[in-house]
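Everything quoted here is computed from the prediction, not taken from an experiment. In what follows, every chain begins at residue 1, and chains take the letters A, B, ... in the order their sequences are listed.
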Amino acid sequence: MENDRYWLVKTEPEAFSWQQLVKDGKTAWDGVRNYLARNHLQAMQQGDLVLVYHSNTGKEIVGIARVIRTAYPDASAGDDPRWVCVDLAPVCALKQPVILKQMKEIPALHDLMLIRQGRLSVMPVSELHFHLILQLAETPHP
DNA sequence: GCCAACGTTGGC
DNA sequence: GCCAACGTTGGC
């Protein structure tokens, strides 16, 4: 997985939104309590680009962030050494949010992990998928 | 509010 | 080590 440069993270905007990330300038992406998602956090490298997805409310990818600090112990996990977080900073908002429904309608995105494994909160995104999503973000919704 | 998908837990 | 029960996530 050393060639993964692109990721997607989910957040419930009621808990922590893209707008909050922009306001704060950076954030510790903590609170992940799933081993697979944790492994993905650990694989992130400085400078990797991260799509930010709003679950529940919106169900859309709203912006791009960048990894500014690689995995370190998640303070929100107390003394539990299993969990880590990374620091993310906003890069830019998508011109048009890319909604889940739209992505589901595109066959080339059917093996995107967001579609295939709905509950995973941190996942790799292939370069192809990443660029496809950026293209969709340039295209106004019908 | 419902439920499918998935992860975790605990009894055996 | 298996699997039923339970909890959580997240789309609908």
Checklist entry - Is Asp74(A) paired with Arg33(A) through a side-chain N to carboxylate O contact shorter than 4.0 Å? => result yes
Next on the checklist: Across nucleotides 6-12 of chain C, 5' to 3', mark each nucleotide with B, S or - according to how protein heavy atoms within less than 4.0 Å reach it.
Outcome noted: -BBBBSS
Item to check | Passing candidate, side-chain contact (heavy atoms from CB on, under 4.5 Å) with Leu94(A), options Val52(A), Leu134(A), Val62(A) | outcome: Leu134(A)
Donor-acceptor contacts, no H, no angles, side chain residues 115-122 of chain A, under 3.5 Å, sequence neighbours left out:
none

Next on the checklist: Checking Glu14(A) now: which residues fulfil side chain to side chain contact (heavy atoms under 4.5 Å, CB included) with it, not counting sequence neighbours?
Outcome noted: Glu12(A), Thr57(A)
Item to check | Pairs involving residues 44-69 of chain A, ordered by first then second residue, that meet ring-ring contact (aromatic ring centres under 6.0 Å, His included) (sequence neighbours left out) | outcome: none
Item to check | Difference in axis direction between the ends of the helix from dG1(B)-dC12(C) to dC12(B)-dG1(C), five pairs, 10° | outcome: 10°
Checklist entry - Under 30°, 30 to 60°, or over 60°: which ring-plane class applies to Phe130(A) and Tyr6(A), parallel, tilted or perpendicular? => result parallel
Checklist outcome for this item: Residue pairs meeting salt bridge (Lys or Arg N to Asp or Glu O under 4.0 Å), one or both in residues 124-140 of chain A, sequence neighbours left out, come to Lys95(A)-Glu138(A)
